[in-house]
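Only one structure is covered here, and it is reproduced in the block below.
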Amino acid sequence: MINKRTVLAATLAVVATSATAASRDYVSIVGSSTVYPFATVVAEQFGKTTQFKTPKIESTGSGGGLKLFCAGVGVEHPDITNASRRIKKSEYEKCRKNGVNQIVEVKIGYDGIAIANSKKSVRFELTRKEIFLALAKQVPDPKGGEKLVENPYKTWKDVNSNLPATKIEVLGPPPTSGTRDAFAELALEGGCKKVGWIKAMKKKDKKAYKRICHTVREDGAYIEAGENDNLIVQKLEANPNALGIFGFSFLDQNSDKVQGALIDGVAPEFEAIAEGKYPVSRPLFFYVKKAHVGKIPGIAEYLAEFSSDKTWGDEGYLTDKGLIPMPSAERKVFAANAKELKNLEM
Amino acid sequence: MNNSTSSRPRSTVERVNANLTKRYAKERRFKRMGLGAIIISLMFLVLLFGSIISNGYGAFWQTYVQLEIHFEPEDLDPQGSRNPEVLSAADYGGLVKSTLRDMFPKVKKRKEKRKLYDLVSSGAAFQLREMVMSNPDLIGSTVQLWVPADDDVDMLIKGHIDRHKPESDRRVKDQQIAWVDALQREGKIEKRFNTTFFTAGDSREPELAGIHGALMGSVFTLLITLALSFPMGVAAAIYLEEFAPTNRFTDFIEVNINNLAAVPSIVFGLLGLAVFINFFGLPRSIPLVGGLVLTLMTLPTIIIASRAALKSVPPSIREAALGIGASRMQTVFHHVLPQALPGMLTGAIIGMAQALGETAPLLMIGMVAFIVDVPANMMDPATALPVQIYLWADSPERAFMERTSAAIMVLLAFLISMNMLAVLLRKKFEKR
């Protein structure tokens with residue numbers, strides 16, 4: 001019992017002291033699950049090659065990360081947030097309201113979103129319009145006219161007679177995921193825009209346009225498979241008729257099991273994404289709280305590690321993990337921003 | 001027996017006899033069904049353990065490559081100052097690369113060189129750095145050193161990569177396979193016991209990743225949970241069962257405790273976030289907060305089990321104690337509590353086992369995170385074992401699949417040893 005009592009007393013003492021003198025000697029990072037695999041590699045490298053502690057990284061999703069990041073200034077709030085999309089105006093405003101006035105934006109590279117299926121079946125060749133027609137909740141009436149109908153397509157052959165006559169079955173991330181946001185924006189909207197009268201709507205009624213272009217069908221053809229991309233790969237292997245949506249790094253790591261579909265005639269390959277030819281690719285970012293630089297040890301050095309060419313360059317170690325690097329001119333700009341801690345203006 | 005043809009049997013014995021075969025058959029059926037249920041569940045258990053062990057046992061071995069490293073003074077410490085800062089910043093990765101180039105002098109093209117460098121884990125450079133930092137006298141000498149191989153090579157050696165697939169379909173290229181085969185012929189590749197797995201924290205390189213950080217996180221978290229929830233739960237149960245008057249207020253408390261035991265664990269996570277982190281200002285991701293949240297979660301379980309244990313102590317014991325002049329306090333602590341303790345310990349085991357496997361509440365308080373440094377105390381950021389399993393299961397690298405199963409085995413071993421301890425304690429109390 002004495003043992004237990006000492007432990008209890010110690011615990012209470014620790015609670016009491018920590019509540020008053022809270023400080024932090026490691027960098028705290030939150031944010032996107034897409035950036036997580038890259039940020040963790042940099043953090044580990046940073047922790048092992050400098051005298052600083054290894055930063056702590058939580059995978060909270062882009063939106064969740066920015067929410068935590070913008071909650072305020074102080075050791076209890078994270079120093080850096082990763083995002084698989086740019087910060088929104090509303091989020092920026094919220095940051096300012098909570099006293100987070102100075103934010104440094106660093107773009108780290110690009111990520112392609114692959115639509116893949118099992119190697120056991122044939123490789124798909126899709127256009128963005130076909131993806132839109134196959135996966136949107138409402139599509140233009142196949143009979144013609146400027147009318148929307150509930151998605152009637154059951155098989156890929158219904159969408160385009162050149163495609164196989166298999167059931168439309170796509171495993172993808174849930175709405176909370178940044179991958180889903182980017183997929184909706186790049187693939188679905190990209191295809192949606194190809195329909196003239198919907199494109200014309202963008203100017204008149206932006207909300208309706210977004211609703212048409214971004215809403216995914218809910219009749220079972222699109223299956224939300226959770227944030228676990230490995231699970232999607234495994235399910236694709238078990239079901240050769242299904243397609244899956246996930247980040248390029250997972251396609252890269254599992255190239256013996258799954259193959260990426262050609263989109264608008266371009267395969268999801270490293271070079272194509274880097275050159276911007278592959279249509280479904282997006283930039284990845286992280287945001288730094290300037291007020292914490294100098295207060296929390298290691299932030300500036302972490303930025304230096306991340307923005308060096310041996311990390312995010314053409315042959316940097318992040319490319320081994322599937323990051324598509326930026327062109328060298330763009331890299332220079334963001335490396336300079338990171339060094340000078342240039343303020344983000346919106 | 002002539003009368004047996006009549007419609008109604010005469011005596012009770014006959015009536016019983018008539019039903020007997022049916023009743024026996026019923027009993028046999030019930031027994032068989034019960035046995036069947038147990039056999040089926042055992043089969044599933046064997047299947048589960050079989051798949052975990054067959055997937056995971058490989059992770060306890062790791063492929064190592066032997067390198068002959070010459071610590072070139074010109075590269076590492078040109079001034080010969082042996083200044084720790086100079087030594088720390090030296091290019092150990094370059095040292096590994098030049099060693100590899102010396103081993104395969106025919107490799108000239110840039111792309112081929114990169115493939116060659118990929119044979120060895122990036123951890124080799126960290127290993128060299130540590131060696132030199134702890135013993136600067138190594139500079140200038142030549143050492144035969146076993147360094148971890150890259151996870152892809154490890155997977156190839158362990159047979160998880162099919163050599164016969166077309167080259168484009170596998171992560172290890174033909175050239176790399178040729179190098180690995182050459183090294184194997186020279187005896188420079190070896191599978192060894194993977195000590196890293198038990199001594200390191202998390203890593204993004206499977207060959208450098210270890211379970212120690214998560215294990216320590218779980219240990220700290222559960223120590224806090226046990227230290228807080230067991231005494232508090234037992235005290236609450238004793239008060240409610242032995243001292244509290246039965247009235248509306250205690251009824252209300254009882255209903256609430258029963259309800260709390262059924263609340264989904266994520267709710268406790270949200271509560272912990274609001275109270276401990278937002279209100280008390282404790283840092284995120286630390287085992288202390290994790291332990292406090294899990295205490296909230298396990299308290300109802302322990303209280304309910306402890307009360308049931310107290311109820312099962314026969315009233316005669318209390319009456320006898322009171323009869324010979326013991327106070328109520330003495331009655332409870334000298335006579336009732338020792339009898340009830342085994343049952344209370346069972347409750348504590350169930351509660352702790354639940355707490356050990358919990359990830360949902362930890363998600364809310366930031367313990368689902370990438371943390372490399374092994375936590376040294378309950379104020380260092382940490383994850384827990386189930387969280388580590390989840391994070392590895394989510395990693396793209398193939399070699400993490402093996403580690404995931406191995407981590408599950410560690411979790412199960414932890415659970416079993418925890419339960420063993422409780423069972424031993426219970427045995428000890430039961431004997432008294």
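Lettering follows sequence order; numbering is per chain, from 1.
Residue A:Arg24 holds its CZ atom at 9.0 Å from OG of B:Ser285, rounded to the nearest 0.5 Å. Rounded to the nearest 0.5 Å, atoms CD1 (B:Ile161) and CG (A:Asp256) are 7.5 Å apart. Rounded to the nearest 0.5 Å, atoms OG1 (A:Thr40) and CD1 (B:Ile371) are 12.0 Å apart.
For A:Lys295, the NZ atom sits in a loose shell: 12 or fewer heavy atoms of surrounding residues, nucleotides or ligands are nearer than 6.0 Å. Residue B:Glu130 places its CD atom among 12 or fewer non-hydrogen atoms of other residues, nucleotides or ligands, all under 6.0 Å distant. A:Lys257 NZ: more than 12 foreign heavy atoms inside a 6.0 Å radius. Residue A:Lys97 places its NZ atom among 12 or fewer non-hydrogen atoms of other residues, nucleotides or ligands, all under 6.0 Å distant.
For B:Ile277, no part lies under 4.5 angstrom from a heavy atom of chain A. Only the backbone of A:Pro55 comes within contact range of chain B, with heavy atoms under 4.5 Å apart. Heavy atoms closer than 4.5 Å to chain B are found nowhere in A:Asp25, neither backbone nor side chain. With a threshold of 4.5 angstrom between heavy atoms, B:Asp151 does not approach chain A through any atom at all. Using a 4.5 Å cut-off between heavy atoms, B:Ser395 touches chain A through its backbone atoms (N, CA, C, O) alone. In this structure, the portion of A:Ser59 lying under 4.5 Å from any heavy atom of chain B is its backbone and not its side chain. Neither the backbone nor the side chain of A:Tyr317 has a heavy atom closer than 4.5 Å to any heavy atom of chain B. Using a 4.5 Å cut-off between heavy atoms, B:Leu391 contacts chain A through its side chain alone, with no backbone atom that close. Contacts of B:Glu205 with chain A are made by both backbone and side-chain atoms, with heavy-atom separations under 4.5 Å. Residue contact with chain B, scored on non-hydrogen atoms closer than 4.5 Å, involves the side chain of A:Leu68 exclusively.
Here the closest heavy-atom approach between residue A:Asn254 and residue B:Arg398 is recorded as OD1-NH2, 3.5 Å. Heavy-atom minimum distance, B:Asp380 versus A:Lys53: OD1-NZ, 4.0 Å. Annotation for B:Ala369 and A:Tyr36: closest pair C-OH, 4.4 Å, computed over non-hydrogen atoms.
In this structure, B:Arg204 contributes its side chain and A:Pro37 its backbone to a donor-acceptor pair below 3.5 Å.
The shortest distance between side-chain heavy atoms of B:Phe370 and A:Glu44 falls below 4.5 Å. Inter-residue side-chain proximity for A:Gln234 and B:Met401 is flagged as met; some heavy-atom pair is nearer than 4.5 Å. Using a 4.5 Å heavy-atom cutoff, the side chains of B:Tyr92 and A:Thr49 are not in contact. The shortest side-chain heavy-atom distance between B:Arg284 and A:Ser28 does not fall under the 4.5 Å cut-off. Using a 4.5 Å heavy-atom threshold, the side chains of B:Val368 and A:Glu58 count as separate.
By the ring-ring contact (aromatic ring centres under 6.0 Å, His included) test, A:Phe52 is found to be paired with A:Phe46, residues two or more places apart in sequence or in another chain being considered. Listed by chain and number, the residues in a ring-ring contact (aromatic ring centres under 6.0 Å, His included) with A:Phe124 are A:Trp156 (sequence neighbours excluded).
Between B:Asp373 and A:Lys56, no side-chain nitrogen of the basic residue sits less than 4.0 Å from a carboxylate oxygen of the acidic one, so the salt-bridge criterion is not met.
Most heavy-atom pairs under 4.5 Å with chain B: of the set A:Lys119, A:Glu76, A:Gln51, this distinction falls to A:Lys119.
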